[in-house]
Amino acid sequence: MIKTAEDVWASCLRFIKDNITPVGYKTWFEPIVPVKLEGGALTIQVPSKFFFEFLEENYVKIMRSALVRELGKDARLLYDVRLENSYSSKVPQTVKIPSSNRAPMKAQNVTFPAKNISREVKNPFIIPGLQKVKVESNLNPNYCFENFMEGESNRLGRSAGMAVANKPGGTSFNPLMIYGGVGLGKTHLAHAIGVQVKDKYPDKTVLYVSTEKFIQQYGDAVLKNNNRNDFLHFYQMIDVLIVDDIQFLSGKTKTQDAFFQIFNELHQNGKQVILTSDKAPVDMQDIEQRLLSRFKWGLSAELQAPDYETRIHILKNRLYRDGVEVPDDVIEFIAKHIKTNVRELEGVVTSLIAQSAFNKKEFSLSLAKTIVDKFVKNTKKEVSVDYIQKVVSKYFEIDLATLQSKTRKRHIVQARQLAMYFSKKLTKSSLASIGAQIGKRDHATVLHACKTVDNLAATDKNFKTYVEEISKKLSF
Ligand code: ADP
Ligand code: MG
């Protein structure tokens, strides 16, 4: 008997219905219409983009299982998504989007070298009590190389990342340190390397961990369970270790020690380490020298803000993946005005899609303008103390360490006071926190600095110029 799309979908529904809540079923599955069955691919029509995303995010597993039961393991799911707002037509259009064809990352079974351990190693990622040690890679399969657009701004990092992924531990890029400002793709690129390693070398154990999580796990291991050794052993048997936002190790000496031991063991054994940071190793603070010097062993690759061409490229790819059609002039407008980072670029796209969906508006230039305006305004408020210090040091042509040092040389004191003054004015940080970040001063010093700057700006013409010029540099 030849199966039709309706038959297959009806059987899937029976299976799904048994496995999810009645409300979920009613809301998300009843409105779906089966459209076509062709060569093991079932196409279903869903009422909106939002619907599609919700299904993919929440029900993709159960749908996959249902479909595999019906059509075998090569089954594929395709969506027809009704587009309510296509700028080119008033009639609802549909767009075809494949179900995320990347399977969720599988857990990895790991055998422990018996010599190291007397009892079972605890995996800090799982609740104690579970028997088998499975290591979830924590990788996001959507953060892959295919989705990471290449440009001048990321070429070095991207190609080094590729090289590492193709030969983990076997290049001189060990560790590979990816650094750069917020939203420029560090996390994405780090994941992409891991995802590609898993594609090429399924047997390698890859682990992604944020530094915050690492610190927390270390704390738990030591304080609560007193099993520092288990913690170290766990990390030392990873083949490709990715640690994100390593700058957060700053000031955490105990955790740095642990990381140092893990790093050495991995490096000696030809395992790959990938690190990301918001600063270049030379600018990292409160990180032990021996660790910093390790960071410099391999390659440090900076991610910079993408240029115009790359921004266009990223926008188009994003919209394509979202199944949304937007006129070129709107894309160009966004790319021209949102320059600082990719996260913002994506934020604008998300807003644009949401706004036009909710208000039934077209993707027009004027809508884009309103949204971009809002973003540009919001970014102005987001100047950080770090950024201010950088701008001020650069302005006076001194380095950051000097700005923060204890020196009482007049021009450096002034630079430091200006950094404090602008931090108070432009960020939401408290006096105490500003002081702590600018060379570990107390809040009284910052307060004094603010008063001094006010006074000098009113009485000293040169100084007034400093204030004005720095002010300009700080306002994007
Ligand atoms: P960071 O870790 O540097 O703060 P992320 O890796 O979180 O930045 O990137 C922010 C967003 O921008 C993510 O959604 C990421 O997918 C996207 N992104 C960054 N760089 C690129 C790129 N070159 N191509 C496509 N998307 C990118
Ligand atoms: Mg990140």
Side-chain angles (χ1 to χ4, degrees), residues 5 8-9 11-38 40-71 73-86 92-107 136-148 187-188 191-192 194-195 198-199 208 314-326 343 346-347 349-354 356-358:
V8 170
W9 186 241
S11 309
C12 287
L13 282 182
R14 278 194 291 279
F15 177 76
I16 292 168
K17 195 171 187 176
D18 282 345
N19 285 287
I20 69 171
T21 64
V23 178
Y25 181 82
K26 197 171 161 44
T27 318
W28 299 105
F29 287 92
E30 283 185 358
I32 296 176
V33 184
V35 184
K36 194 167 71 180
L37 180 65
E38 209 173 63
L42 176 71
T43 306
I44 56 175
Q45 192 183 70
V46 298
S48 69
K49 181 67 202 324
F50 177 67
F51 214 95
F52 154 75
E53 283 173 353
F54 196 89
L55 286 171
E56 279 284 292
E57 220 152 78
N58 298 283
Y59 294 113
V60 72
K61 255 198 194 144
I62 184 87
M63 292 198 292
R64 199 191 304 275
S65 314
L67 212 61
V68 167
R69 280 163 57 103
E70 289 307 304
L71 298 173
K73 68 174 175 22
D74 293 328
R76 278 175 308 134
L77 183 64
L78 298 170
Y79 295 86
D80 258 1
V81 181
R82 283 171 63 102
L83 282 187
E84 287 158 39
N85 320 75
S86 181
Q93 290 194 332
T94 65
V95 53
K96 295 187 189 344
I97 307 180
S99 173
S100 61
N101 43 12
R102 293 202 150 263
M105 303 302 296
K106 290 197 200 80
E136 293 286 348
S137 66
N138 300 323
L139 290 170
N140 176 349
N142 291 316
Y143 278 171
C144 53
F145 275 114
E146 295 89 88
N147 292 341
F148 191 77
T187 298
H188 185 145
H191 275 268
V195 170
K198 284 310 285 180
D199 274 354
Y208 167 92
I314 291 173
L315 281 170
K316 287 199 167 157
N317 177 265
R318 173 92 249 174
L319 292 164
Y320 172 75
R321 281 196 286 139
D322 282 349
V324 181
E325 252 185 281
V326 174
R343 191 169 298 144
E346 293 189 332
V349 170
T350 310
S351 263
L352 188 70
I353 295 175
S356 63
F358 288 132

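Numbers here simply count residues along the sequence, with the first being 1.
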>> Would you say that Leu67 contacts Cys12 through its side chain, given a criterion of any heavy-atom pair below 4.5 Å between the two side chains?
In response: yes

>> Testing the basics here: between Pro141 and Val195, what is the closest heavy-atom pair and its distance to 0.1 Å?
In response: CA-CG2, 4.1 Å

> Do Lys36 and Leu42 have side-chain heavy atoms sitting under 4.5 Å apart?
Replying inline: no

> In Å and rounded to the nearest 0.5 Å, what is the CD to OG distance from Glu70 to Ser11?
Replying inline: 4.0 Å

> What's the verdict on side-chain contact (heavy atoms from CB on, under 4.5 Å) for Leu37 and Leu71, showing C-alpha distance, side-chain angles and the deciding distance?
Replying inline: CA-CA 10 Å; Leu37 180 65; Leu71 298 173; 3.8 Å; yes

> If you round to the nearest 0.5 Å, how far is NZ of Lys17 from NZ of Lys26?
Replying inline: 10.0 Å

> Is any side-chain heavy atom of Phe15 closer than 4.5 Å to a side-chain heavy atom of Ser65?
Replying inline: yes

> Under a 4.5 Å cut-off applied to non-hydrogen side-chain atoms, are Leu13 and Tyr25 in contact?
Replying inline: yes

> Atom NZ of Lys73 and atom CZ of Arg64: how far apart are they, to the nearest 0.5 Å?
Replying inline: 14.0 Å

>> In the structure I gave you, are the side-chain heavy atoms of Asn317 and Arg321 within less than 4.5 Å of one another anywhere?
In response: yes

> Can you check side-chain contact (heavy atoms from CB on, under 4.5 Å) on His188 and Asn147, steps first, answer last?
Replying inline: CA-CA 9 Å; His188 185 145; Asn147 292 341; 4.0 Å; yes

> How close do Pro34 and Ala5 get, heavy atom to heavy atom, and via which atoms?
Replying inline: CB-O, 3.8 Å

> If we only count heavy atoms from C-beta on, is the Glu346 to Leu315 side-chain gap below 4.5 Å?
Replying inline: no

> Between Phe148 and Tyr143, is the gap from one ring center to the other below 6.0 Å?
Replying inline: no

> How far apart are the C-alpha atoms of Leu55 and Tyr79, what are their side-chain angles, what is the distance that settles it, and do they pass the side-chain contact (heavy atoms from CB on, under 4.5 Å) test?
Replying inline: CA-CA 10 Å; Leu55 286 171; Tyr79 295 86; 3.9 Å; yes

> Which value, rounded to the nearest 0.5 Å, describes the distance between Asn19 atom CG and Tyr59 atom OH?
Replying inline: 11.5 Å

> Are the side chains of Asn140 and Tyr208 in touch, meaning some heavy atoms are under 4.5 Å apart?
Replying inline: no

> Just how far is it from atom CD1 of Ile20 to atom CE of Met63, taken to the nearest 0.5 Å?
Replying inline: 9.5 Å

> Just how far is it from atom CD1 of Ile314 to atom NZ of Lys316, taken to the nearest 0.5 Å?
Replying inline: 13.0 Å

>> If we ignore hydrogens and angles and just use 3.5 Å, is the side chain of Asp80 paired with the main-chain N or O of Ile44 as donor and acceptor?
In response: no

> Does the salt bridge (Lys or Arg N to Asp or Glu O under 4.0 Å) test come out yes or no for Arg318 and Asp322, once each step is laid out?
Replying inline: CA-CA 6 Å; Arg318 173 92 249 174; Asp322 282 349; 3.8 Å; yes

